[in-house]
Amino acid sequence: MGSSKVQRLSGMQKQVLSLFRGFLRAARSKSEEERRKIESIVSQEFRRNAKSVDRKNFLYIEYLLRRGNKQLEQLRNPGITGLSSLQLHFSKTDSHGHSSNEG
């Protein structure tokens, strides 16, 4: 096995992975049914953003990280049973973070 290239993660990539793991950890404190729902929603949301958000759009990624951290903080609250009470309606954005409903 020759030299294998190990790609180092940027600080922002580490923050995204940390947020993802945080959601999965928080899900463990909920009921089994809610845990599965949370894991599914979180996985779908992270995948959707990974595909649709331009990796060089740092301002929008930072915004998503801040919003995600706020949602995670709420999810960690014992009174919150699941993500259904935290879901937001997102406006469709282009790769530059501009809302399509701007006019």
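Residue numbers count from 1 along this sequence. These numbers come from the heavy atoms of this one structure, side chains and all, not from hydrogens, waters or symmetry mates.
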**Asked** Is there a side-chain contact between Lys37 and Ser40 (heavy atoms, below 4.5 Å)?
**Response** no
**Item:** Glu62 side chain reached by Leu59 side chain, heavy atoms, under 4.5 Å
**Value:**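 The answer is yes; the side chains approach within 4.5 Å.
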**Request:** Check whether Ile61 and Leu9 end up in the same hydrophobic cluster, where Ile, Leu, Val, Met, Phe, Trp and Tyr are linked by side-chain heavy atoms less than 4.5 Å apart.
**Result:** no
How many angstroms lie between atom [atom1] of [X] and atom [atom2] of [Y], to the nearest 0.5 angstrom?
{"X": "Gln13", "Y": "Arg55", "atom1": "CD", "atom2": "CZ", "result": "7.0 Å"}
{"X": "Ile38", "Y": "Leu24", "atom1": "CD1", "atom2": "CG", "result": "10.0 Å"}
{"X": "Gln15", "Y": "Leu17", "atom1": "CD", "atom2": "CG", "result": "10.5 Å"}
{"X": "Ile80", "Y": "Lys30", "atom1": "CD1", "atom2": "NZ", "result": "7.0 Å"}
{"X": "Arg48", "Y": "Ile41", "atom1": "CZ", "atom2": "CD1", "result": "12.5 Å"}
{"X": "Tyr60", "Y": "Leu65", "atom1": "OH", "atom2": "CG", "result": "11.5 Å"}

**Request:** Please list, chain by chain and in numerical order, all residues satisfying ring-ring contact (aromatic ring centres under 6.0 Å, His included) with Phe20, sequence neighbours excluded.
**Result:**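 For Phe20, the residues satisfying ring-ring contact (aromatic ring centres under 6.0 Å, His included) (neighbours in sequence not counted) are Phe46.
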N-O pairing of [X] and [Y] below 4.0 Å:
{"X": "Arg35", "Y": "Glu32", "answer": "yes"}
{"X": "Arg76", "Y": "Glu73", "answer": "no"}
{"X": "Arg36", "Y": "Glu39", "answer": "no"}

**Item:** Minimal non-hydrogen separation, Leu72 against Ala26, with atom names
**Value:** CD1-CB, 3.8 Å
